Structure formats: structure tokens, C-alpha cells
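None of these values were measured; they are calculated from a predicted model. Just so it is clear: chains get the letters A, B, ... in the order the sequence lines come, proteins before strands, and each one is counted from 1.
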Amino acid sequence: MLDKRFILENAELVQQNCAARGMKADVARFVKLETECRSLQQEIEELSRQANVVSKSIGQAKDDAEREARKEEGRKLRELKEAKQADHERIDAEAGAIYRSLPNMTHAESPRGGEDASRELRKGAMQVTPMRFPVLDHVQLGEQHDLIDFAGAARIAGHGFYFLRNEAALLEMALQQYAVELLVKEGFTPTITPDLARGEILAGVGYIPRGPETQIYTVENFDLNLVATSEITLGGLYAGITIDAEDLPIKLCGISHCFRTEAGAAGRASRGLYRVHQFTKVEMFAFTLPEQSEDMHNYFCELECEIFDGLGIPYRVLDIASGDLGGPAYRKFDLEAWMPGRGDSGEYGEVTSTSNCTDYQARRLDIRYKVKGEKGTNFVHTLNGTAVAISRALIAILENCQQPDGSILIPEVLRKWVGKDRIGGGEDEEE
RNA sequence: GGUCGGGUGGCAGAGCGGUUGAAUGCACCGGUCUUGAAAACCGGCGUACACGAAAGUGUAUCGGGGGUUCGAAUCCCUCCCCGACCGCCA
């Protein structure tokens, strides 16, 4: 959420920002409603004040007659207040709906426009090199080496689920270990999070648990939802809390399963592991002072690059355009890995994403910081970034590391956890 | 899951229908004293929002929500959380 005062004073700017983000919102209407709300609020407070004065005087009333008269006076005042309050609530509800729909402001350097306007910032250390043999995609590779069982999973949970078997299962754990090890060295606190969370928390982070297009699975008869990312639980961890400024920045590394309905995504390229209902993710999350967030965002991006350079996978980094930022992000960088088996002759596919949400989420979640000796509190900035989303990383690894003989070379950095150099091929071949 | 007991300011801990934003202690900040420190003493010490140039004033806030009442930290309902005991269980 934005600062209400900021909106009132910069209605024009906010309206333009909505347009840049491809969101419809009637900012002028909000300003009108909010202004009405404020004057109503003042009237309500004044009536409350008067009623409080009356109430206090009753305790000292001299006789019953006076007491009764004052009681009546108090009742009248409260009734009047109730009426105003009802008006206030009605208007506030409408204003609130607009307010909550307003997206974050946008970084000056973010490209303006839709998805296609996103700007490439850089490429990874590894170059895309054409393969001089028939390239298989990860589904075929998975089948060939008995790594992924989609059909089995479909029988028990439907489309979008999978069993990882053999080296794929080992790779999942290796990728987690690899990412976590790197992040712990960088001072992140490794954190295994709940895979379910209350609706209130989801909403605070910016996810809508119900509705036709929701990404979120909900648990019947409970106010619990399967998380779509540990960003939800990590952000929620500090909801309602005021942090000492000296404890910032706080860097957390969350490990969780992620569940997504992918409602509305039907028809989009979704073969194999690319768009699944469940995957494991190692996530970076930070709470910072406002002046630290931009550096932290760049740092998150650096770490994502380091992780994929370490795996030897070609990628590019995009500065996401305004129209594709979603609600909370002020700026977003996506890292797209080269996937040789995607499309006709290979395509980039998103593997990580890091967002600077500035104070947008913090305001919703009520996460503040306090500077010792200074009066008042301020909202922290929150940032999130994918370290490794296992399913997509797996696609990139299997497809990029396939060899002319059909085997798959395991990235050097993962070998200590997988326990071998290569999947299939030569004497390694099982069966 | 059951049955009890709890959730009050940074912490500890009173209050259990009226002048209580909340006693008291500790912590913290400022001052006096001291060569310095400690002790002692004096004063201050939550947050959000609104109005105000400011001083300040007002409203809200005692786990969350709702109710009773002129008035609720105090009474009622409900939810959440913590503790104890019992049951169940990887």
C-alpha cells in the first residue's frame, strides 16, 4: 500500500503510475472519498470527546435526577456518533477498495510499457552455444533416465504434479544445499518455514486467497492456505512488529514448498516441469532501512547471477517493465535461463525473480522500525528474491548439461551432494 | 481433541465497571551531587491518527473481533495464542 498522504498530495502522479502499470484505478475518486472520510472522522472524534466528557461527569453526579439526565445526554451523543460512524464505514470501504488496489510506485529506471518492454541488463558468464546433436527437452531426458514420473503423479494428484526419482531427487536436495550454503556464507539466516499460512498473512504479502483467478490453494474448513512462496511466511514473520533500526538489515533464506493453482494459466507453455502446482524453492528475503533497499536489491540480483554462473547455465537478466511488475514491486529483475529444449530451438525461461517492494508490503503487514532516541516509527522496506526454484532450475540443468551420447553431466558444484559426475551414459548407465 | 489456568506499557507486575494511558519495581533518557564513576535524589519516559507554525489539544489503543452500558483493561460471546494436566500420534 502507498502512503495515503502521499496519494492525496500526488494524485496526478499516482494516476500516471497506475497507467504505466496497466492498472485501472480511479485515484480522483479515492481522493474525494478519503477527504470526506477525514472530515467525518473529525466529527466522530468530536462527538466521542463530548460523550466522554459526559460519561466522566456521571460518576460525580450529585443525585439520581442529574445522573439520569446526563445518561440521556450521553446516549444521544453516542447515537449521533454511531450514525456518523456508519456513514464513515461505508465511504471508507469504498475508498479502501481503491486504496488496496493501487500498485506500488515505480523505479525511475524501470522501462515503461508491457512485457515486451522489459530491458536486458546483462548476460551470464556462460554463453549460449548451439548443440550439434539432436536436443532433447527435460521431459524426454527425464523419461530416458527415469528421473521424472509425470504419469504416476497425474494418477494420484492430477496434471501439474510429478515424482522426482533417482538423480533428480538427489539434484533437488543438492540444489537446496548449494543455494543455502552460499546464502549462509553471505550472512542469511537459513529458515525452514511453514508451508501453510493464514489468509490474513497472504493478503498482507499481496496474495488473494479466494476468487476465480487465485493462485492459492486453500484448505477446506480452516483459515489456512498452501503458500505460493516462502516470501509469504518470511514477510509475515514480522507482521505487526517494530524492529530496532540497529538490527536491520535482516536477511533470511527460506526453504519451503510452493503451491500454485496456476488458474488462468491454462494454454500457456506448460509442458513438463515449467508450470507445476508444487515445487521447492530457496528464497531470499530482507527487511531493510529505506536507504538500504536499492543496494540490497542489486545484491540479491548479484547472488542470483552467482548461483547460476556457478551452475554453468547461460542466462540473461531483465529489468522488468512497469506493466509487468504486479502490485507490490517497485522494481523487479528476472533472471531467465537458457533452456535448449524449450520452443523450437531453445528459449529463455524465467528461473528467478527479485523484487524491491519498498514500504508497500510493510505498510500492509505493519512492519516498522524504530531508531533509538528518535520519536516515532517508520515502515521498513522488504525485498524478496529467488535463490533457486528447484523445478525450473532442474529444467535448465537437464537441458543444458545433456551430452551427445545422451548422458547428462552434473554441474561441478552439485557433485559432492549428488555423489556422481554424470547421469547415464557409458559405464554409469544403470539398467 | 478434552479439562483447567493465563494473555496488561521495553521487561516484571498491580488493577477486575467511573477522574486509569493505566499503581509499583526494573530498564532507559535528562538533571543535581562527584575529580570521574557508582549510589542517592529530582524530572522525563508507548504507539497510531487528526487539528496546530509550535507549544499543545483531541480520538483510538490493556491478544484479535463482536456485544452489554451514559461509561469496559475490568462483565458477556467468539476467535487466536501461551502454560499445565489428560488423551492421541509421525
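Within residues 218-242 of chain A, no residue has a heavy atom under 4.0 Å from RNA chain B.
Comparing the P positions of B/U68 and B/C76 gives an interatomic distance of 15 Å, to the nearest angstrom. A distance of about 13 Å separates the C1' atoms of B/G10 and B/C29, rounded to the whole Å. Between B/C77 and B/A54, the distance separating the two P atoms is 47 Å to the nearest Å.
Applying the salt bridge (Lys or Arg N to Asp or Glu O under 4.0 Å) test to every pair with at least one member in residues 217-244 of chain A, sequence neighbours left out, gives no pairs at all. Contacts classified as ring pair (Phe, Tyr, Trp, His ring centres under 6.0 Å) and involving residues 165-193 of chain A (residues at least two apart or in different chains) are given here: A/F188-A/F300. Sorted by first then second residue, the salt bridge (Lys or Arg N to Asp or Glu O under 4.0 Å) pairs that include residues 46-59 of chain A, not counting sequence neighbours, are A/E46-A/R49. For residues 228-249 of chain A, the set of pairs meeting the ring pair (Phe, Tyr, Trp, His ring centres under 6.0 Å) definition, not counting sequence neighbours, comprises A/Y238-A/F287. Sorted by first and then second residue, the ring pair (Phe, Tyr, Trp, His ring centres under 6.0 Å) pairs with a member in residues 354-391 of chain A form an empty list; sequence neighbours excluded.
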Check nucleotides 49-51 of chain B for protein N or O atoms closer than 3.5 Å to its own N or O atoms and list the pairs.
from	atom 1	to	atom 2	distance (Å)
B/A50	OP1	A/R38	NH1	2.9
B/A50	O2'	A/Q42	NE2	3.4

Please tabulate, one pair per line, each protein N/O and nucleotide N/O from nucleotides 20-23 of chain B that are separated by under 3.5 Å, including the distance.
none

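Remark: RNA chain B takes part in the stems B:1-7 with B:80-86, B:10-12 with B:24-26, B:28-32 with B:40-44, B:46-51 with B:56-61, B:63-67 with B:75-79, each of 3 or more antiparallel Watson-Crick or G-U pairs, criterion distances under 3.5 Å.
Taking atom NZ of A/K375 as the reference point, atom C1' of B/G30 lies 15 Å away to the nearest angstrom. Per the geometry, CD belonging to A/E200 stands 11 Å off C1' belonging to B/G65, to the nearest Å. A straight line from CD of A/E68 to P of B/U69 spans 13 Å, rounded to a whole angstrom. The nearest whole Å value for the distance from the CD atom in A/E46 to the P atom in B/A60 is 12 Å.
Results of the side-chain contact (heavy atoms from CB on, under 4.5 Å) test with A/Q402 over A/L409, A/D137, A/L136 single out A/L136 as the only residue that passes. With A/H107 as the fixed residue, the side chain to side chain donor-acceptor pair (under 3.5 Å) test singles out one of A/H297, A/K332, A/E294: A/E294.
Proximity of a side-chain donor or acceptor of A/E304 to a complementary backbone N or O of A/A387 within less than 3.5 Å is not detected.
The side chain of A/N52 contributes no N or O atom lying less than 4.0 Å from OP1 or OP2 of B/G18. Residue A/T377 has a polar side-chain atom (N or O) positioned under 4.0 Å from OP1 or OP2 of B/A48.
Nucleic acid contact for A/S57: none, since no nucleic acid atom lies under 4.0 Å from a heavy atom of the residue.
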Would you tabulate the side-chain donor-acceptor contacts of residues 196-206 of chain A under 3.5 Å, counting partners in other chains and residues two or more places apart, or write 'none'?
none

Pairs of donor and acceptor atoms involving the side chains of residues 169-177 of chain A, under 3.5 Å and at least two apart or interchain, shall be tabulated with distances.
from	atom 1	to	atom 2	distance (Å)
A/E172	OE2	A/Q176	NE2	3.2
A/E172	OE2	A/T280	OG1	2.5

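For A/H145 and A/E167, the side-chain atoms include no donor-acceptor pair closer than 3.5 Å. In summary, the side chains of A/S322 and A/R21 do not present any donor paired with an acceptor at a separation below 3.5 Å, with no hydrogens or angles considered.
Note that A/R342 lies in the cation-pi zone of A/Y274, set by a 6.0 Å cut-off to the ring centre and a 45° limit from the axis.
Of all non-hydrogen atoms in A/R100 and A/R364, the two that sit nearest each other are O-NH2, 2.9 Å.
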Per-nt protein contacts along nucleotides 72-80 of chain B (heavy atom under 4.0 Å; B base, S backbone sugar-phosphate only, - none) come out as --------S
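Taking the six-membered ring for Trp and thresholds of 30 and 60 degrees, A/H277 and A/Y217 have ring planes more than 60 degrees apart, a perpendicular arrangement.
Comparing atom distances between the A/R78 side chain and each of B/G71, B/U47, B/G58 picks out B/G71 as nearest.
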Practice task
Starting from the C-alpha separation in whole Å, work towards a yes-or-no answer on side chain to side chain contact (heavy atoms under 4.5 Å, CB included) for A/K81 and A/K84.
Solution key: CA-CA 5 Å; A/K81 194 194 91 173; A/K84 294 258 182 213; 5.7 Å; no
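Sequence order on RNA chain B of the closest nucleotides to A/K370 and A/S55 puts A/S55 first from the 5' end.
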